[in-house]
Structure formats: C-alpha cells, structure tokens
Engineer: 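Here it is, the structure in full.
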Number of protein chains: 2
Amino acid sequence: MNDSVLTPERILAAAEDVLRRYGPGKATVVDVAQALGVSHGSVYRHFASKAALRDAVLRGWLARSMAPLQAIATSRTPPPARLRQWFSALRQTKRDNVLGDPELFATYSALAAEAGEAIAEHKGRMQQQIASILAAGVASGDFRQLDPAAAARALFDATARFHYPGFSHLWDQPGEDAAFSQLLDLLLAGLAPAPAAPRRRKPAR
Amino acid sequence: MNDSVLTPERILAAAEDVLRRYGPGKATVVDVAQALGVSHGSVYRHFASKAALRDAVLRGWLARSMAPLQAIATSRTPPPARLRQWFSALRQTKRDNVLGDPELFATYSALAAEAGEAIAEHKGRMQQQIASILAAGVASGDFRQLDPAAAARALFDATARFHYPGFSHLWDQPGEDAAFSQLLDLLLAGLAPAPAAPRRRKPAR
DNA sequence: TGAATGACAAATTTCAATATCTGTCATTCA
DNA sequence: TGAATGACAGATATTGAAATTTGTCATTCA
C-alpha cells in the first residue's frame, strides 16, 4: 500500500484513480487516504481542501486533453485547413470521451462544474491556439485582415454547439457531421479575404 | 371557484397559474383541480397525464414567445439587417426572461427538459423563420447562392452560445454584447456574395 | 347518458433519524 | 523537529418509514 514519501503527485494519482472508480459523488478523501495507506489528515497537509484536490485532478485532465490540439495549432498545414483540422479534432475528442466512456465523462463534467477558474483558463488557452492559427492565416493572405483574439473568440463561441458538453445529448444524432461541416464552411467563408465591392440588386431606399 | 363548463383551455390557464405560483417541483394536478374547484379525476378527462398537461403549457409559452420573431422575419427590412435584427431579438428575449424573472425561467426550463418533442418542433419553426430571411436575401442578391434550410441550421447552431439556456450563466458577464456582435459580423461576412477569385500569397506546393 | 366524483393501488416524494464525511488540531512518532 | 495521526465538531449525505401524488375506474349525479 504505502511507497516512499507522501507527495502531492502520489496523492493526485490516487485521487484520480479513486474518482474514476467510485465516481465524483462517492469518492471521499478518506477513500483517497486509504488507497495510499495513510490517514485522511495527511492528505490535508498537501491540499487545502477537497475542492483543491478535485481542482488539481481536473487541471491534469485538461492539460492532457489539450496536447494534441496544440500540435495541430503549431503545424505547417495551410491556415484554413489547419483551422478546420483543429476544430474537427476538438469536436472529435469531446465526442469520443462522451460516447466512449460516459461515466468518466460525467465525472469530468462534475469536476468542471465546480471549477470555474480552471475552466476559464482552459478556454483562454484554447482561444489562444485558435488565434495563433488566425494570425498565421492573416500573414499568409488566406484570411482577411482581422483581430485574431476577437475572431478566435467568435469562432470558439460559434462552434460551442459541437464541443460544449451541455450539448452532448445531441452528438449522436443523425446529421451532426453534416451540420458541423456546414458550419465550418460558413465560418471559413466569413474569414476569407473580402471581395471587391458588394453588389446589391435592389437599391437602398 | 367554478365557472361554466370545464374545458381544456380553462384547465390550461389554471395549470399555468399553479405552475407559476408553486414552481414545477411543487405543482400537482390536485392543486390544479383545486384551483378550478373540481376533483383531480376531472382533469384526466381532458389531459391524458400530468406530462401531457405540462407539455401543453409549454407549447403555449413557446408559441407566445415566438410571435415577435415571426413579425421580424416577415418584415420588409433588407435581409442582412433583418437577420441581424432577428437574432438580436432572439437573444434579447431569452436574456430578458432569464435575468428578469429567473424563477419563471427555471420553471420553463424544467418543462422544456422533459418535452423533447415540443422543443424539437419549436427549433424547427425557428429555423424556418431564419430560412425565409435567407431565401429573401438570396433572391435580392444580398446573400450568396446557398441552401436556405442548411444555412439556417448552421446559423442557429452558431449562435446557440447566445440563446441556449444552458449558457445563461454567461449572459450577464461583461463583453457579451461585443462577442455577440462580433459573431454576427463573422456570420454575415460568410453569407455575403463570393468575391471574384481567392488570392493566395504563398503558392500551393 | 355523459360528465364528474372520490376511493383506491402503485409510484413518487418528504422528512427526520442516523451515519458518514470534511476539515482542524493537540498529541504522537521516528 | 517536522511529518503523520486520529479524535472531534460541524456539515453533508443516506435511508427507510410515512405521507403525498398519479392515474384508474366503478359509482353517482343532473
């Protein structure tokens, strides 16, 4: 049961395991301490509260889930295709999690619901990745002149329907792929360099 | 207490009142019957179940909330401005409901959560309104050639962040207005007629 | 005769007693 | 001496017995 000294890392690993096995509603810090073969008081020497422990576990998960997206964001793919790839990967990751292991995903969601801070930071990092793709596209002339940060937020918002877990109940319905693809088409069209001049058939009155 | 004959309409009105006063968790069909001065068995002569009654109340609310949007959708405003107006009104309606009377909104949400059918139909009607604006814009040359139904869905999805009640916790944060405006700009840009030809600075390799 | 009633069974909710958990801290241990 | 313990108070969760609610239907009423 016990192994060398008690570190935050070991506690974190045990907490993750307990959370996975018992679910967010049943996992107690006594369980975590038991898994480590120590008293629950010892856990409180390293984490100020149960909430802090859960927060730390969540941050770990978020960091791991973000890595593949980071790779896409910094790839050499032409910006429009890269942007499409990035959003597709974001959507696919969430989808796989929800549909593949719903219990684990429910656990993640329960933690996320309490950790506004961690989630806000995570969203910020996601939007930075999008902004970096946009900046590259503006530089290459693939995208029109725009504020990368503001446009990144708009894109992130616009696709929320396909990556925000609150909508996961829709993700296995027919037509989802097509709808997502349609949306990306529309958004990419909106990012394309502006045409010469808008032509109106009816004169403005 | 009692008044002429018992009709579905009178039951519906009483149910709405009871729901408003007691909330969705406390309102019972006995309460509704009591408000009408009849036995609860009589209510079941007109509605097959409590769920059916709640569903009918929800449909009434949805129909009423939809009316102002319908007016915008069929107005003579040029399609791009009309579309912007329509989405702004949609957002504003939801926002006013949530922020103005949170309890009533919670009631509405509780009913909506159980009535998948009614909600799906409502979403369909909303998208038809959007599609009608798009069709007008295609005809006038304000929008590029596109499938109104598919694009309507994409627009509805893209703006979900600003009208889907699951996001209502974000609606009173600073920067929301700007973010919404940004998103509409991007979407309208995506609907605009296509430019002559895309110019790339880097040649494709 | 057709609408309304109210007694009833089954399902669901409430509520209070009981048990468990979180977080602290004086004490022990190595 | 600094990490670990475990007893403890207050907060939170569980449980199951009692009460309420839903939905039915044989009977009553106008």
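Values below: all heavy atoms of this structure, side chains included; hydrogens, waters and symmetry mates excluded. Every chain is numbered from 1 and lettered A, B, ... according to where its sequence line falls, protein lines coming before strand lines.
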Engineer: Name each donor-acceptor pair under 3.5 Å that joins a side chain in residues 66-74 of chain A to protein atoms two or more places apart or in another chain, with its distance.
Structural biologist:
from    : atom 1 : to      : atom 2 : distance (Å)
A:Thr74 : OG1    : A:Gln70 : O      : 3.1
A:Thr74 : OG1    : A:Ala71 : O      : 3.4

Engineer: Given the rule that a pair is Watson-Crick or G-U wobble with both distances under 3.5 Å, how would you write DNA chain C in dot-bracket, using | for pairs to a different strand?
Structural biologist: ||||||||||||||||||||||||||||||
Engineer: Could you work out, with side-chain hydrogen bond (donor to acceptor under 3.5 Å, both in side chains) as the rule, every residue matching B:Thr77, not counting sequence neighbours?
Structural biologist: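 Checked B:Thr77 against side-chain hydrogen bond (donor to acceptor under 3.5 Å, both in side chains); matches are B:Ser75.
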Engineer: Judged by each residue's nearest nucleotide on DNA chain D, which is more toward the 5′ side, A:His46 or B:Ala51?
Structural biologist: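 Between the two, 5'-proximity favours A:His46.
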Engineer: Does anything in residues 15-25 of chain B pair up under side chain to side chain donor-acceptor pair (under 3.5 Å), and if so which pairs, sequence neighbours excluded?
Structural biologist: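 Of all non-adjacent pairs touching residues 15-25 of chain B, those that pass side chain to side chain donor-acceptor pair (under 3.5 Å) are B:Glu16-B:Trp61, B:Glu16-B:Arg64, B:Asp17-B:Arg21.
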Engineer: Could you tell me whether a side-chain N or O of A:Ser42 sits under 3.5 Å from a main-chain N or O of A:Val38, the two making a donor and an acceptor?
Structural biologist: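 Side chain of A:Ser42 to backbone of A:Val38: no pair is present.
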Engineer: Closest nucleotide of DNA chain C for A:Asp31 versus for A:Arg45: which of these residues is on the 5' side?
Structural biologist: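 Upstream on the strand: A:Asp31.
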Engineer: Taking only distance into account, with no hydrogens and no angle test, what donor-acceptor pairs under 3.5 Å do side-chain atoms of residues 96-104 of chain A form with protein atoms, sequence neighbours excluded?
Structural biologist:
from     : atom 1 : to       : atom 2 : distance (Å)
A:Asp96  : OD1    : A:Gln92  : NE2    : 3.0
A:Asn97  : ND2    : A:Thr93  : O      : 3.4
A:Asp101 : OD1    : A:Leu104 : N      : 3.2

Engineer: Want to settle it: does A:His40 or B:Lys50 sit nearer the 5' end of DNA chain D, counting the closest nucleotide to each?
Structural biologist: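 It is A:His40 whose nearest nucleotide is closer to the 5' end.
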Engineer: Keeping to residues at least two apart or across chains, list the salt bridge (charged side-chain N to carboxylate O under 4.0 Å, His left out) pairs with something in residues 75-86 of chain B.
Structural biologist: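 Those involving residues 75-86 of chain B are B:Arg84-B:Asp185.
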Engineer: Going 5' to 3' through nucleotides 9-20 of chain C, assign each nucleotide B (protein heavy atom under 4.0 Å from a base atom), S (under 4.0 Å only from sugar-phosphate atoms) or - (no protein heavy atom that close).
Structural biologist: -----S------
Engineer: Answer with base, sugar-phosphate or nothing: what part of the nucleic acid does B:Val29 contact at a heavy-atom distance below 4.0 Å?
Structural biologist: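 Sugar-phosphate, backbone atoms only, no base.
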Engineer: Test: salt bridge (charged side-chain N to carboxylate O under 4.0 Å, His left out). Region: residues 85-94 of chain A. Which pairs qualify, not counting sequence neighbours?
Structural biologist: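 For residues 85-94 of chain A, and leaving out neighbouring residues, the salt bridge (charged side-chain N to carboxylate O under 4.0 Å, His left out) pairs sorted by first residue read A:Arg91-A:Asp177.
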Engineer: Quick one: salt bridge (charged side-chain N to carboxylate O under 4.0 Å, His left out) partners of B:Asp172, sequence neighbours excluded?
Structural biologist: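 Expected list: none.
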Engineer: With a strict under 4.0 Å distance from non-hydrogen atoms of chain B, what nucleotide opens and what nucleotide closes the contacted stretch of DNA chain D, reading 5' to 3'?
Structural biologist: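 Boundary nucleotides touching chain B, in 5' to 3' order, are D:dT21 to D:dT24.
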Engineer: List the atom pairs, with distances to 0.1 Å, where a side-chain N or O of residues 113-125 of chain B and a protein N or O form a donor-acceptor pair under 3.5 Å, not counting sequence neighbours.
Structural biologist:
from     : atom 1 : to      : atom 2 : distance (Å)
B:Glu114 : OE1    : B:Arg54 : NE     : 3.3
B:Glu114 : OE2    : B:Arg54 : NH2    : 3.4
B:Glu121 : OE1    : B:Arg59 : NH1    : 2.9

Engineer: With a 3.5 Å cut-off and sequence neighbours excluded, list the donor-acceptor pairs that the side chains of residues 145-154 of chain B form with protein atoms.
Structural biologist:
from     : atom 1 : to       : atom 2 : distance (Å)
B:Asp147 : OD1    : B:Ala149 : N      : 3.2
B:Arg153 : NH2    : A:Glu176 : OE2    : 3.2

